[in-house]
Amino acid sequence: MTDTLEERQAKLKAIAAEIAACQKCPLYRSRTRTVPGVGPADARIMFIGEAPGFHEDQQGLPFVGASGKYLTELLAGVGIDRKDVYIANVVKCRPPENRDPAEGELQACADYLDRQIAAIQPAIIITLGRYSMAKYFPDGRITRIHGQPKRKDGRIYYPMFHPAAVLRNINLKPEMEADMRRVLDLIKEAEDAGDPGKDDDPGPAEKPVQLSLF
Ligand code: URA
Ligand code: SF4
């Protein structure tokens with residue numbers, strides 16, 4: 001049985017509360033706010049980035065700085081409203097000076113993301129950059145495998161460049177945009193396949209806000 005929207009929301013809320021109190025790795029010392037993730041608890045698409053930066057740490061929300069603005073534009077460019085997707089990171093607290101997350105920090109934080117995915121049951125997981133890619137494509141090199149979906153256990157995994165990498169190297173823009181356009185095909189594929197994580201029996205309180213995404 002798939003969870004109802006309310007059950008998924010309750011799970012995400014509980015996970016976010018744990019993250020807010022978490023001291024499992026040293027990043028808790030320097031964070032301003034934790035950044036668990038944001039979006040509908042029954043989103044069919046989930047984006048996974050790396051770690052909060054300055055603005056994310058200030059606001060407690062993922063992808064609200066320059067990378068986030070670009071991600072929002074990329075989504076809008078293919079007709080997807082950012083509000084319809086779930087957005088999270090592999091690490092929930094900002095690394096000092098935006099350094100790369102350390103192996104121990106990635107490991108300490110992994111369980112939160114895994115539980116968020118289990119709650120949301122997205123049909124499509126899109127990784128942004130190397131750190132989230134490594135979770136699903138351990139031997140993958142981003143320059144080679146970006147834009148190539150992998151199907152596993154009824155879910156589509158799709159690696160993309162990190163928006164910040166594209167902002168640093170504007171030559172990647174056409175490829176990034178082409179990769180985002182392919183997301184529309186993946187949505188169609190997931191729809192046609194029938195989506196095991198979709199709540200087919202919505203309670204009376206649920207509004208069909210996500211019709212554009214299945
Ligand atoms: N970069 C990320 O990987 N995640 C954010 O939330 C913001 C920038
Ligand atoms: Fe906990 Fe993750 Fe923050 Fe480390 S980064 S303190 S594991 S929530």
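Order of listing sets the numbers, starting from 1, for every ligand and every atom in it.
Atoms of ligand 2 lying under 4.0 Å from at least one heavy atom of Ala108, given by number and element, are 7 (S). Which parts of ligand 2 touch Tyr28 is read off a 4.0 Å heavy-atom cut-off, strictly below it: atoms 6 (S). Against a heavy-atom cut-off of under 4.0 Å, Pro62 is close to the following atoms of ligand 1: 6 (O). Every atom of ligand 1 with a heavy atom of His162 under 4.0 Å away is listed here by number and element: 1 (N), 2 (C), 3 (O). Residue Arg31 approaches ligand 2 through these ligand atoms, each under 4.0 Å from one of its heavy atoms: 3 (Fe), 6 (S).
In this structure, OG1 on Thr127 lies 6.0 Å from CD1 on Ile142, to the nearest 0.5 angstrom. For the atom pair NE2 (His162) and CE (Met176), the distance works out to 8.5 Å, reported to the nearest 0.5 Å.
Using a 4.5 Å heavy-atom threshold, the side chains of Ile80 and Ile187 count as touching. Contact check for Val183 versus Val78: no side-chain heavy atoms found under the 4.5 Å cut-off. Ile126 places none of its side-chain heavy atoms less than 4.5 Å from the side chain of Leu186. Annotation: side chain of Ile15 is not in contact with side chain of Lys92 (no heavy-atom distance under 4.5 Å). Leu75 has its side chain within reach of Leu71: a pair of non-hydrogen atoms, C-beta onward, lies under 4.5 Å apart. In this structure the side chain of Arg8 reaches within 4.5 angstrom of the side chain of Gln121, judged on heavy atoms.
Checked against a 3.5 angstrom limit, the closest N/O atoms of Gly49 and ligand 1 fall outside it. Residue contacts with ligand 1: Gly53 is placed with no nitrogen or oxygen under 3.5 Å of a nitrogen or oxygen of the ligand (distance criterion only). Polar contact check, Glu50 against ligand 1: a nitrogen or oxygen pair lies under 3.5 Å apart.
With respect to atom 1 (Fe) of ligand 2, the closest heavy atom belonging to the protein is Cys22 SG, 2.2 Å. Protein heavy atom in closest approach to atom 4 (N) of ligand 1: Asn89 OD1, 2.8 Å. Regarding atom 3 (Fe) of ligand 2, its nearest protein heavy-atom neighbour is Cys93 SG, 2.3 Å.
For the pair Lys150 and Phe137, the distance from NZ or CZ to the six-membered ring centre is under 6.0 Å and the angle to the ring normal is within 45 degrees.
With hydrophobic clusters built from ILVMFWY side chains whose heavy atoms lie under 4.5 angstrom apart, Phe54 does not share a cluster with Leu61.
Of all the heavy atoms of Pro163, none lies under 4.0 Å from any atom of ligand 1, so neither backbone nor side chain is involved. For Glu105, no heavy-atom contact with ligand 2 is shorter than 4.0 Å.
Here Cys109 fails the criterion, with no N, O or S atom under 2.8 Å of atom 4 (Fe) of ligand 2. Distance check for Cys25 against atom 3 (Fe) of ligand 2: none of its N/O/S atoms falls below 2.8 Å.
Closest to atom 2 (C) of ligand 1 by heavy atom, among Ala51, Gly129, Ala66, is Ala51.
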